[in-house]
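Comments concern the structure below.
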Number of protein chains: 2
Amino acid sequence: MAMISINLRDSRPIYEQVKDAFRRLIISGALTPEEKLPSVRELAAQLVINPNTIQRAYRELEAEGYISSIPGKGSFACAKSSIDDSRVRELLKVFDDSVTELLFLGKSPGELKSRIDGKGDAQK
Amino acid sequence: MAMISINLRDSRPIYEQVKDAFRRLIISGALTPEEKLPSVRELAAQLVINPNTIQRAYRELEAEGYISSIPGKGSFACAKSSIDDSRVRELLKVFDDSVTELLFLGKSPGELKSRIDGKGDAQK
DNA sequence: TTACTGTACCACAGAACCTAATACAGCATG
DNA sequence: CATGCTGTATTAGGTTCTGTGGTACAGTAA
């Protein structure tokens with residue numbers, strides 16, 4: 001039942017941790033399209049944080065297209081087809097920048113490529 | 001002479017923008033090892049921001065091993081051999097996470113690999 | 001000496017983050 | 001209908017982060 005967990009001692013904002021956690025669940029397939037997420041109040045109670053913080057995470061996840069919230073019903077995971085294109089562009093920039101710096105620091109292109117192949121099946 | 005520029009309307013902290021800017025200069029080779037960076041006060045005057053903000057950026061870049069600051073002399077770019085290992089681990093995590101999400105969103109492994117190859121010569 | 005360098009410290013303002021409490025409307029169940 | 005859930009919005013307050021402004025000290029070089 002404890003779908004996600006957060007770390008109050010982390011420097012990253014709680015709402016960002018919540019966003020990342022649900023993105024991972026969706027990416028890994030642990031949360032399938034149309035599947036219901038915990039309600040704002042329920043999750044806030046589980047994590048012992050304020051409902052407003054959860055609401056912010058859900059609102060931003062919805063803006064990215066990862067989830068869809070319906071008043072009175074709940075929040076639900078979306079199919080990947082509905083994820084916003086700007087999210088892809090953002091990720092590509094992160095990818096490119098990390099590659100550039102890793103290559104500079106001595107990593108070989110082959111080593112980075114093999115890391116991509118390692119993602120086929122196991123999700124960690 | 002304007003080595004870097006910052007955007008006050010950006011949501012990211014100024015000192016983070018400064019850090020990224022100098023990392024890019026070093027990575028691209030525009031700033032070679034032992035080369036001198038602008039002084040704290042000089043750069044602050046150029047960018048019209050507070051010297052303390054520059055100082056923070058320099059301090060953190062030094063902790064990562066990208067630059068070395070010597071009281072009375074100045075701050076200088078370092079050779080890549082002195083960059084901290086934790087920076088590499090951090091970058092690998094960013095790389096892996098972006099790959100996982102990009103693959104989920106429909107990008108093919110081949111497309112990502114070709115992006116790695118595109119970094120051999122041109123730098124942006 | 002003079003002028004530059006990095007570094008440290010303090011106080012202050014504004015923004016971001018988070019909490020707390022309340023309220024309203026939509027949906028589903030009995 | 002009525003109860004209880006759902007998302008959503010609003011207001012207020014506290015804490016932390018970010019950035020500014022000013023001052024000070026020590027090391028380096030002309």
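Note that these values count all heavy atoms, side chains included, but never hydrogens, waters or copies made by symmetry. Throughout, protein chains are lettered first and strands after them, A, B, ... in sequence-line order, and every chain is numbered starting at 1. This is a predicted model, so every value here is computed, not measured.
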Worksheet item: Any side-chain N or O of B:Ser69 under 4.0 Å from OP1/OP2 of C:dT5?
Response: no
Worksheet item: Atom CD1 of A:Ile14 to atom C1' of D:dT16: distance rounded to whole Å?
Response: 12 Å
Worksheet item: Mapping A:Asn52 and A:Pro71 to their closest nucleotides on DNA chain D, which lands nearer the 5' end?
Response: A:Pro71
Worksheet item: So which nucleotide from C:dG6, C:dA23, D:dA29 ends up closest to the side chain of B:Lys73?
Response: D:dA29
Practice prompt. Have a look at A:Glu62 and say if it touches a base, only the backbone sugar-phosphate, or nothing, with a 4.0 Å heavy-atom cut-off.
Written response: sugar-phosphate
Discussion item. Looking at B:Asp97 and B:Lys93, is any side-chain nitrogen of the basic one under 4.0 Å from a carboxylate oxygen of the acidic one?
Written reply: yes
Practice prompt. Starting from P on D:dT8, measure out to CG on A:Leu43 and report it in whole angstrom.
Written response: 14 Å
Worksheet item: Any idea which heavy atoms bring A:Arg23 and A:Glu64 closest together, and the distance?
Response: NH1-OE1, 2.6 Å
Worksheet, complete the sentence: Closest to the side chain of A:Pro13, out of C:dT7, C:dC17, D:dG7, is C:dC17
Worksheet item: Would you say A:Thr53 reaches C:dC18's phosphate, i.e. side-chain N/O to OP1/OP2 under 4.0 Å?
Response: no
Worksheet item: Is any N or O donor-acceptor pair between the side chain of B:Arg56 and the base of D:dT20 shorter than 3.5 Å?
Response: no
Item to complete: Specify the residue among A:Gly72 and A:Tyr15 whose closest nucleotide of DNA chain C lies further upstream toward the 5′ end.
Response: A:Tyr15
Worksheet item: Are B:Glu90 and B:Arg87 ion-paired here, with the side-chain N under 4.0 Å from a carboxylate O?
Response: yes
Fill in: Length of the line joining A:Arg41:CZ and C:dA25:C1', which is rounded to integer Å
12 Å
Item to complete: Could you tell me whether the side chain of A:Arg9 has a donor or acceptor atom within less than 3.5 Å of a complementary atom in the base of D:dT16?
Response: no
Worksheet item: Looking at the side chain of B:Asn50, which of D:dA9, D:dG21, C:dT5 is the nearest nucleotide?
Response: D:dG21
Worksheet item: CG of B:Leu8 versus C1' of D:dT20: gap in Å, rounded?
Response: 12 Å
Item to complete: Nearest whole angstrom, please: distance from the P of D:dT28 to the CD1 of B:Ile70.
Response: 9 Å
Discussion item. Using 30° and 60° as the class boundaries, would you call the ring planes of A:Phe104 and B:Tyr66 parallel, tilted or perpendicular?
Written reply: parallel
Discussion item. Check A:Asp20 with A:Arg24, please: is the shortest side-chain N to carboxylate O separation under 4.0 Å?
Written reply: no
Worksheet, complete the sentence: Separation of C:dT5 atom P from B:Arg59 atom CZ, nearest Å, is 19 Å
Worksheet entry | Interatomic distance where CG belongs to B:Asp10 and P belongs to D:dG19 [whole Å] | 10 Å
Worksheet item: B:Ile67 has an atom CD1; how far is it from atom P of C:dT5, in whole Å?
Response: 14 Å
